[in-house]
Amino acid sequence: MANRTSAAQRPNGSTQGKICQFKLVLLGESAVGKSSLVLRFVKGQFHEYQESTIGAAFLTQTVCLDDTTVKFEIWDTAGQERYHSLAPMYYRGAQAAIVVYDITNQDTFARAKTWVKELQRQASPNIVIALAGNKQDLANKRMVEYEEAQAHAEENGLLFMETSAKTAMNVNDIFLAIAKKLPKNEQTTGPGGSGQGRRLVEGDSGAKAAGNCCK
Amino acid sequence: MEDNHEEVLEIFCQDGVQILTAPAAYISQLNNVGTLMIVEYPNSNVTRCIEWKPIDLTIDSDVQDQEWTVVSTVRRRRTYSGSLPVDANRSKHLKINMSDIKSFRVARKNQKLTFRDGKGDDLCTFVFQHGSCEGLVAVLKGILKTFVSRRDKHVYCILDDERNPERQQLDKSFAELNLFQEQSSPYVWKLVKNFQNRPYETTMEAFSKITDIVYRGAEHRLMDPEVHNILHRSLEAIENNTTTHSHEEYEVIAHVPKLPALKEYPRGRPLSLEQWKALQDSEGQVEDVDAVKLVIFRGGIASNVRKEVWKYLLDYHRWKYTHSEQANLIKQRNEEYFIMKLQWRSMTKIQEDNFTDYRERKSLIEKDVNRTDRTLDYFAGDNNPNLQVLYDILMTYAMYNFDLGYVQGMSDLLSPILYLMNNEVEAFWCFVGFMNKVSSNFDMDQAGMKEQLQHLNTLTAFYDPEFANYLYKHDSANMFFCFRWLLVWFKRELSQQDAMRLWEVLWTDLPCQNFHLLICVAILDTEKHILMENNYGFTEILKHINDLSGNIDVSAVIGKAEGMYNQIVDAEHLTDAVRIIIGLPILGNASVIDSKEASPDISDLTLNGDTDEVSYENALTNSFL
Ligand SMILES: Nc1nc2c(ncn2[C@@H]2O[C@H](COP(=O)(O)OP(=O)(O)OP(=O)(O)O)[C@@H](O)[C@H]2O)c(=O)[nH]1
Ligand SMILES: [Mg+2]
């Protein structure tokens, strides 16, 4: 695992530090690799013939960041336009989103931009959005230039990385970058506490799953 | 500059809203399309407004963006800076103080909404070009005290208005009782009316609130005699089988009518080749179709005759046709297929470049064919010729039914059919037959799926009010965790063989229509203990349900669902709402008509009864926050 956790590595995930829980949603055109990114991040696997997602899938993964344990509650959605109307249900209240496109397909990048726009208009105000240009291993078939996507990300204040669920490149990194950017204090804004991580009590079940990074 | 900052809280926002009528000052904006918002100004004395602004071309010129109707109920905070050309922009904004609105009327199947003032005059009318005003109505109901006018069921009156004549009656009843802090008076009203008409069918959620009123009301509150009467009579009407269990802050005393005992039905033997031959006459006609279906329902179809019988179940062959008639039909279907296939095969590159819809469809099919059941031998490996057939059938289907086109999930429905038929034309026509049964699953607006989820909620509430109540309390009454089950008929949960066994049972339409919903109820009944004991919320429930994939015993589930069906039809308190779902003749009591009257907002989904509808709506709004 390429997690770059520094100082606060502790055995068994037991920690005196903070534990934060964040809701993260993956959005993007069908077949860009949303489920594959999650599968890589959560289970370290890649399936060439990953089935399309129907409805939504829910997974969790925990990472350690300095003295904080961050538990991601990940919603993986179905990408096809027909299921667009379900998306607000899943991004509502999310503190982070990864909008994914496929670097070999210009249309998926256009769709990613409109997802970003929708999130900025409709999702929680402080949502941390990351743009992931996936299938970086197919760079020889590239249709979306790195610079173009990066410029878009900069203009819109997004985190940006090119990733590959297949080779695992930047997969953990993008989740970690999000974890770093998420506010980890306890104050909440507005109803539902959107925008902030829920801090769990010491010894809460959230801490048990901290196996991935604290090896 | 700082001083000019005006804090604005956007409570609601919807695009694609046209102004049909408006106050004279906004005449230039009539018929324009824009964004409708509910906005709060916390620092001003005019705290809440309905606002509309035309599409801002600098932001919204993107065509795709206008196509979406995204409804947000998330509060957003933003500030307008005084240094920007705000005034120029804002003068185009139509703005109506919420306090001026005394009622609103919903019309044209939720496409049109009119706000009215205290004199009953129209303030402004909006047309919701994409989607509907349901989201807006839900939010309005959340922030205002509203109730449905007795004179016009499409009119919602706003309670805060002293002068409203309809208020006085209600003043004495629910509003003043102040039982429901969440400002849900229309809910209470619906609930009680519903309860009066259909006490049994009301969900446990309803029970707990009603009993809450009864108990707390009796101790501490004055209760309107009329309300008291309704409640009293309703409760009295219920049998004396009372169960008690404690719940968080208060005791819930619920009267749960008993269903007859569950009797599970063992599966029978599959329809054999010999039986099938015996059921056909010398001309090949099947005399007793019901008998065939009954055998299939009981035990499925033996694998050596399955291919043949599926063609009948899926309307490719006709039960009553003679051999020669059948042969004719087959020939005709064959030609038809190749004509349609040729239509897309002969598409030139230029045609394709100029045909976005087609291109998108093609690309979706390509993507999905590539990842459909690739772990099965039949579709495994690169350049597997069966993938090409799968692709060709789906492309041809997209030409056959261009309105529906291709939607994710369809390749899952085709895969077992193609595997069994192992013939392109036969598989196509059988797939058409299956799609005819389930096409509403793929509706653009998800209406078919929503309706099924709601029906499932109604059935669960009837079969197991306690569990329904649990789901309600855990933001899961929307039943969305069953989405995948319903969309592709358990294809993702079962092995291919088991999916085939289940499908052929469901295609018989025995013992009732919508039996697949009872399959859901049966599986949920097996899982509910785990869900409830672990106090799972929506996310955990969804995860648990998704993870059941591969662990469902299909024979046991079918047998159990049949038993449940019998329990339900034998129940003395069987309601019309349930009768409609399972296709029994309704008794025509007041409940169905009543539910229609009380819910102008979702008029196309009224047959399920108010309570479920309300809880469904609430759950939709409450979930995921
Ligand atoms: N070469 C390559 N292929 C990938 C990568 N990520 C995903 N894929 C492939 O792309 C296809 C689609 O991946 P999914 O993860 O199912 O895509 P999705 O975005 O979840 O799609 P939906 O569920 O339909 O919305 C699969 O065949 C994957 O194997 C990657 O980084 N590189
Ligand atoms: Mg997916």
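Only this structure's heavy atoms are used, side chains among them; waters, hydrogens and symmetry mates stay out. So that the names make sense, note that chain A is the first sequence line, chain B the second, and so on, each numbered from 1.
One finds the CD atom of A:Glu51 at 9.5 Å from the OG atom of B:Ser411 (value rounded to the nearest 0.5 Å). The structure places CZ of A:Phe58 at 10.0 Å from CZ of B:Phe538, a figure rounded to the nearest 0.5 Å. To the nearest 0.5 Å, atom OG1 of residue A:Thr60 and atom NZ of residue B:Lys543 are 6.0 Å apart. Separation of atoms CD (A:Gln80) and OH (B:Tyr406) is listed at 7.0 Å; rounding is to 0.5 Å. Here A:Arg82 contributes atom CZ and B:Phe442 contributes atom CZ; the two are 9.5 Å apart, rounded to the nearest 0.5 Å. Distance check: B:Phe483 CZ to A:Leu86 CG gives 5.0 Å after rounding to the nearest 0.5 Å.
Side chain of A:Tyr49 to backbone of B:Ala380: no donor-acceptor contact under 3.5 angstrom is found.
Atom CG of A:Asn140 is surrounded by more than 12 heavy atoms from other residues, nucleotides or ligands within 6.0 Å. Under a cut-off of 6.0 angstrom, the local environment of CG in B:Asp353 is crowded, with over 12 non-hydrogen atoms contributed by other residues, nucleotides or ligands. In the displayed structure, A:Lys181 atom NZ is contacted under 6.0 Å by more than 12 heavy atoms of other residues, nucleotides or ligands.
Of the atoms belonging to B:Asp412, it is side-chain heavy atoms, and not backbone ones, that fall under 4.5 Å from chain A. Heavy atoms of A:Glu48 lying under 4.5 Å from chain B are absent altogether. Looking at B:Asn370, both its backbone and its side chain come within 4.5 Å of chain A, counting heavy atoms on both sides. Using a 4.5 Å cut-off between heavy atoms, B:Gln446 touches chain A through its side chain atoms alone.
No donor-acceptor contact under 3.5 angstrom links the side chains of A:Thr53 and B:Arg492, judged on distance only.
Note on B:Leu487, B:Asp373, B:Asp368: by heavy-atom pairs under 4.5 Å with chain A, the leading option is B:Leu487. Put simply, of A:Ala56, A:Gly79, A:Ala78, A:Ala87, the one with the most heavy-atom pairs under 4.5 Å next to chain B is A:Ala56.
Taking all atoms of both residues into account, the shortest heavy-atom contact from A:Ser30 to B:Leu364 is CB-CD2, 4.3 Å. Contact record, A:Ile54 with B:Gly409: CD1-CA, 4.4 Å, taken as the closest heavy-atom pair.
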Original post:
After noting the C-alpha distance and the side-chain angles of A:Glu73 and B:Thr539, does the key distance pass the side chain to side chain donor-acceptor pair (under 3.5 Å) rule?
Top reply: CA-CA 9 Å; A:Glu73 296 190 311; B:Thr539 45; 4.8 Å; no

**OP:** Might you work through the side-chain contact (heavy atoms from CB on, under 4.5 Å) test for B:Lys367 and A:Glu29, ending with a clear yes or no?
**Re:** CA-CA 11 Å; B:Lys367 286 171 182 172; A:Glu29 180 83 81; 3.8 Å; yes

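Between A:Gln50 and B:Arg371, the closest side-chain pair of non-hydrogen atoms is not below 4.5 Å.
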